[in-house]
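Each ligand, and each atom within it, is numbered from 1 in the order the structure gives. Hydrogens, waters and symmetry mates play no part in the numbers below; they use all other heavy atoms, side chains included.
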Amino acid sequence: MYTIDWIDGAVVLVDQTRLPAEEVYLRLETVDALVEAIQRLRVRGAPAIGVAGALGVALAAKQFERAEERAQAVQTLALARPTAVNLARGVHRVAALLPSFDAVLAEALRVRDEEIASSKGMARLGADLVERLCGPNPTLLTHCNTGGLATVVDGTALAVVFELHRRGALGGVVASETRPLLQGARLTTWELRNRGIPHRLAVDSAGPFLMARGQVDAVILGADRICANGDVVNKIGSYAHALGARAAGIPFICVAPESTVDLGTASGADVEIEDRGSEEVAGTTAPAGTEAINPAFDVTPAELVTAVVTDKRTFSGRADGPSL
Ligand code: MRU
């Protein structure tokens, strides 16, 4: 079962807010229900929401007869979350084929299938790179969740981890919790456990210290957008790990499909960073009424990124530069 798919006329996805306690699949038949799922992070991760957006246009084609209603649905889907380029890209690619439901669905399924193929390419190229940079059996720190749950199956950075494990070339994994929604603690540990991969969980702020102590050999994580200058926009906390990696002199590797590379955005300064409001951070822990600042993503400047691995190439610096 894929993380997200089109089954019998509806979008079916695993509700990630209920993991790891329960594995519940939702059947979504309306654009509104899908937008709610994207905004509540029932489906999340840049490639997965790209597929969600694409399949959402198929829902719109089915649900609405009038062109204005469809256009409104397309707009709502594209804007459901602002930071990962995959969402708006997936929506607009497929929406170009409206009003034909058959053409829209076929293109949306192509988006899904391309992401499945991409994961395989990233796994191979990323594992080759880690073996080259780190030698045998490294311990890798990863942040957020970049596994099958963030894509359709297998993942981005975590697909590299799975491939290294398959090759017998992985020491272990440190999963960074990923405050405030705990994608690392809830989802990455769940995926690693399901695959029998040795791992330990760490609070986000332990990352740079573990690197300084020599307990981590490289950082490997995903991206929500890779800008033309090579800046990496990813889950909040990534930048701190990059600074830690630079201070410790270890590689900082970003793994993302070509669908996350955005040559139309010059640098991270041009990216809208989603702020998810006070409640997720202040919640029940701070005194009532405490206001939080809650950027969901940050920008790691290109000069802190050792290499970006996509499904097709490995590069360092500008995203339109040569492959390594
Ligand atoms: O807010 P999320 O959980 O959707 O954020 C996801 C991330 O930041 C991932 O690291 C990124 O999308 C890469 S996943 C393949």
Side-chain angles (χ1 to χ4, degrees), residues 3-4 13-17 19 37-53 80-90 114-116 118-123 126 140-162 175-188 190-191 204 207 219-226 231-242 252-262 268 271-277 280-281 294-300 305 308-311:
T3 292
I4 180 165
L13 53 85
V14 62
D15 184 347
Q16 299 190 37
T17 63
L19 286 170
I38 293 169
Q39 291 179 333
R40 293 282 305 276
L41 275 57
R42 299 186 195 286
V43 58
R44 47 144 299 281
I49 63 174
V51 174
R81 294 187 75 191
T83 305
V85 67
N86 302 60
L87 176 58
R89 185 173 266 177
E114 284 170 17
E115 292 299 351
I116 294 170
S118 289
S119 283
K120 299 200 186 323
M122 288 181 276
L140 303 178
L141 182 142
T142 191
H143 189 60
C144 197
N145 170 266
T146 63
L149 292 169
T151 56
V152 179
V153 68
D154 295 332
T156 61
L158 220 52
V160 174
V161 167
F162 300 154
S176 182
E177 273 185 318
T178 319
R179 281 273 298 155
L181 294 181
L182 302 174
Q183 290 92 330
R186 294 186 301 107
L187 307 176
T188 299
W190 185 74
E191 291 201 50
D204 298 328
V219 176
I220 189 161
L221 40 62
D224 291 84
R225 192 182 296 240
I226 295 167
D231 285 355
V232 168
V233 183
N234 192 48
K235 179 54 58 189
I236 190 75
S238 302
Y239 179 36
H241 289 323
F252 180 91
I253 300 165
C254 171
V255 185
E258 288 290 337
S259 59
T260 301
V261 177
D262 181 15
V271 178
E272 182 183 345
I273 301 293
E274 178 182 6
D275 188 302
R276 293 189 55 84
E280 288 176 359
V281 175
N294 184 15
F297 302 95
D298 61 24
V299 178
T300 299
V305 180
V308 174
V309 179
T310 77
D311 45 305

From CA spacing to verdict: side-chain hydrogen bond (donor to acceptor under 3.5 Å, both in side chains), D204, S176: CA-CA 5 Å; D204 298 328; S176 182; 2.9 Å; yes

Candidate pair E258 and T310, rule side-chain hydrogen bond (donor to acceptor under 3.5 Å, both in side chains), full reasoning: CA-CA 6 Å; E258 288 290 337; T310 77; 2.7 Å; yes

Nearest neighbour of atom 14 (S) of ligand 1 from the list G50, G222, A150, on a heavy-atom basis: A150

Proximity of L41 to ligand 1 by residue part, where a heavy atom lies under 4.0 Å: side chain

Sub-4.0 Å heavy-atom approach of A84 to ligand 1: no

Element-labelled atoms of ligand 1 that are located less than 4.0 Å from some non-hydrogen atom of Q183: 1 (O), 2 (P), 3 (O)

Short side-chain to backbone donor-acceptor contact, D231 and G268, under 3.5 Å: yes

Stepwise side-chain contact (heavy atoms from CB on, under 4.5 Å) check, V233 with I273: CA-CA 9 Å; V233 183; I273 301 293; 3.9 Å; yes

Under-4.0 Å heavy-atom contact with ligand 1, by part of C144 that carries it: side chain

Side-chain donor-acceptor pair present, N86, T260, cut-off under 3.5 Å: yes

Contact atoms of ligand 1, heavy-atom distance to T156 under 4.0 Å: 15 (C)

R225 side chain to V232 backbone, donor-acceptor under 3.5 Å: no

Check: R44 N/O within less than 3.5 Å of ligand 1 N/O: yes

Member of K235, Q183, R44 meeting the side-chain hydrogen bond (donor to acceptor under 3.5 Å, both in side chains) criterion with N145: R44

Within residues 145-160 or reaching into it, pairs that qualify as salt bridge (charged side-chain N to carboxylate O under 4.0 Å, His left out) - sequence neighbours excluded: K120-D154, D154-R195

Y239, OH: over 12 other non-hydrogen atoms inside 6.0 angstrom: no

Proximal ligand 1 atoms for A46, defined as those under 4.0 Å from one of its heavy atoms: 12 (O)

Residues that T151 engages under side-chain contact (heavy atoms from CB on, under 4.5 Å), provided they are two or more places apart: P47, S119, T156

Heavy-atom gap A223 to ligand 1 smaller than 4.0 Å: yes

Which segment of H143 sits under 4.0 Å of ligand 1 when only heavy atoms are counted: neither

Proximal atoms of ligand 1 relative to K235 (non-hydrogen, under 4.0 Å): 1 (O), 2 (P), 5 (O), 8 (O)

Where ligand 1 meets N234 - atom numbers and elements under 4.0 angstrom, heavy-atom basis: 7 (C), 8 (O), 9 (C), 10 (O), 11 (C), 13 (C)

Residue P47 vicinity, atoms of ligand 1 by number, heavy atom under 4.0 Å: 15 (C)

D224-ligand 1 polar pair, N/O distance under 3.5 Å: yes

Ligand 1 atoms in contact with R81 (distance to a heavy atom under 4.0 Å): 1 (O), 2 (P), 4 (O)

